[in-house]
Amino acid sequence: MTIHDTGRRAFASDNYAGLLPEALAAIAAANGGHQPSYGDDVYTARLQEVVREHFGTQAEVFPVFNGTGANVLALTSVLPRWGAVVAASTAHVHVDEGGAPERMTGLKLLPVPSPDGKLTPDLVAREAWGWGNEHRAQPLAVTISQTTEMGTLYRPEEIRALAEFAHERGMALHVDGSRLWNAAAALGVPLREVTADAGVDVLSLGGTKIGLLGVEAVVVLDPSRATGLRYLRKATMQLASKMRFASAQLLTLFEDDLGVRTAAHANAMAARLRTALEAEMPPGLAFTQDTAANAVFATVPADAVERIRKRVRFHDWDAARGEVRWMTSWDTTESDVDAFVQVIREELAN
């Protein structure tokens, strides 16, 4: 029984969108009969083969339930109990995961302010010090988000510079890739170019935001730096018994470049939104970040924010200065964007 308006869409989050038709079909196709549990099924075996085709023969994939679980599992695998992780102050692991990385594992996050959500070797260096000092949590990993929480993205050479900086100091590099597909689409490069080839050690590969149901993955790119995933996944409550349904969905993203094509559409809708508003800037509107993928950041007068939100839902980013975030999704249409632009124009004109 459907109890919601299936024609209504928002610009709050790509998590609001439903499932890709291909993901639903994959679940149905994987149903019927019996398959071994806990990842010993044929779908997970095939996923392992496909991941190695895309990330290199050394790669190993571990499907999990959600992004927070993926990040916790990935960071735990590269750190001892006394380890610390350098992250941007806006990073999802620091701001939006309820303290789970620190609560679940005992690791310490070392946040660094970054106006565009990106880290550089110079920014990491602010917290990458104190090795051998027993009074300081040891900085042994760097984590970055691709795309960032500010909607910006890292080019391959920027990731490579971070990897070299980290590796020279014995640190691992983790990528929170909840929107990695959007970054790859925006850059026009294969996934491997912004991960394995750039020196990334362990990756949280997104699935939910691109249209899957209850599935993300940890991809180990350098097995020498990430250990114990087989045991840690169970210990962190991220081991699915009927894993075939998770793996089957992930497989769809690699088939016929579905993940990248889907992400490219979401990116294009964000670009359409920004371009339409820039063509004739409404009074009081200003953009605050580059629109590199599927997020548009802007400041809007406080009274207009609430009027717009009553008509089309979206989230504040920094309410104190009137900054909002408008997200597009795999199912955002051109007419959705055009109607939203009209709403923004009408309310800002009042």
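When a residue number appears, it is its place in the shown sequence, counting from 1. Everything numeric here is computed off the predicted structure, so don't read it as measured data.
Residue I159 is grouped with residue V218 when hydrophobic side chains (ILVMFWY) are merged at heavy-atom distances under 4.5 angstrom, including chains of intermediate members. Both L212 and F254 belong to a common hydrophobic cluster when Ile, Leu, Val, Met, Phe, Trp and Tyr are linked at side-chain heavy-atom distances under 4.5 angstrom.
More than 12 heavy atoms of other residues, nucleotides or ligands shown are found within 6.0 angstrom of CD on E157. Crowding of R103 atom CZ: a count of heavy atoms from other residues, nucleotides or ligands under 6.0 Å not exceeding 12. Within 6.0 Å of CH2 on W82 lie no more than 12 heavy atoms contributed by other residues, nucleotides or ligands.
The minimum heavy-atom distance between R309 and H315, with the atom names listed, is NH1-C, 3.9 Å. Annotation for N350 and E347: closest pair ND2-OE1, 3.2 Å, computed over non-hydrogen atoms. Nearest heavy atoms, M281 versus A286: CE-CA, 4.2 Å. For the residue pair P301 and L348, the shortest heavy atom distance occurs at CD-CD2, 3.8 Å. Counting all heavy atoms, side chain and backbone alike, M150 lies closest to Q289 at CE-NE2, 3.4 Å. What you find for R230 and F62 is that their closest heavy atoms are N-CE2, 4.0 Å.
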With side chain to side chain donor-acceptor pair (under 3.5 Å) as the test, would you mind laying out the steps for S89 and H94 before giving the verdict? CA-CA 7 Å; S89 60; H94 178 56; over 6 Å; no
Would you check, one step at a time, whether the test side chain to side chain donor-acceptor pair (under 3.5 Å) holds for D336 with T333? CA-CA 5 Å; D336 292 333; T333 66; 3.0 Å; yes
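The main-chain N or O of P139 is never found under 3.5 Å from a side-chain atom of R169 such that the two would form a donor-acceptor pair. Judged by distance alone, with hydrogens and angles left aside, the side-chain atoms of T120 form a donor-acceptor pair with the main-chain N or O of L123 at under 3.5 Å. When atom types are taken as modelled, the side chain of E97 and the backbone of G69 share no donor-acceptor pair closer than 3.5 angstrom. With hydrogens and angles disregarded, no donor-acceptor distance shorter than 3.5 Å links the side chain of D290 to the backbone of A292. Proximity of a side-chain donor or acceptor of Q238 to a complementary backbone N or O of F65 within less than 3.5 Å is detected. Not a single donor-acceptor pair under 3.5 Å links the side chain of E193 to the backbone N or O of P156. Looking only at distances, no side-chain donor or acceptor of S114 sits under 3.5 Å from a matching main-chain atom of A88. Although no hydrogens or angles enter the test, the distance criterion places a donor-acceptor pair under 3.5 Å between the side chain of K118 and the main chain of L153. T275 places no side-chain N or O within donor-acceptor distance of the main-chain N or O of R272, the cut-off being under 3.5 Å.
Looking at H4 and T2, their side chains come closer than 4.5 Å, going by heavy atoms from C-beta outward. Residues L119 and F165 have side chains not in contact (no heavy-atom distance under 4.5 Å, counting atoms from C-beta outward). Two residues are said to be in side-chain contact when any heavy atoms from C-beta on lie closer than 4.5 Å; V85 and V93 fail this criterion. Residues Q58 and D222 form no side-chain contact, since every pair of their non-hydrogen atoms from C-beta on lies 4.5 Å or further apart.
Results of the side chain to side chain contact (heavy atoms under 4.5 Å, CB included) test with R9 over D331, T328, V312 single out D331 as the only residue that passes. Here the options are K310, R311, R307, the test is side chain to side chain contact (heavy atoms under 4.5 Å, CB included), and the partner is V343; only R311 passes.
The aromatic rings of F340 and F314 sit tilted relative to each other, their planes meeting at an angle between 30° and 60°.
In this structure, R274 is positioned above the aromatic face of F287, its NZ or CZ under 6.0 Å from the six-membered ring centre and within 45° of the axis.
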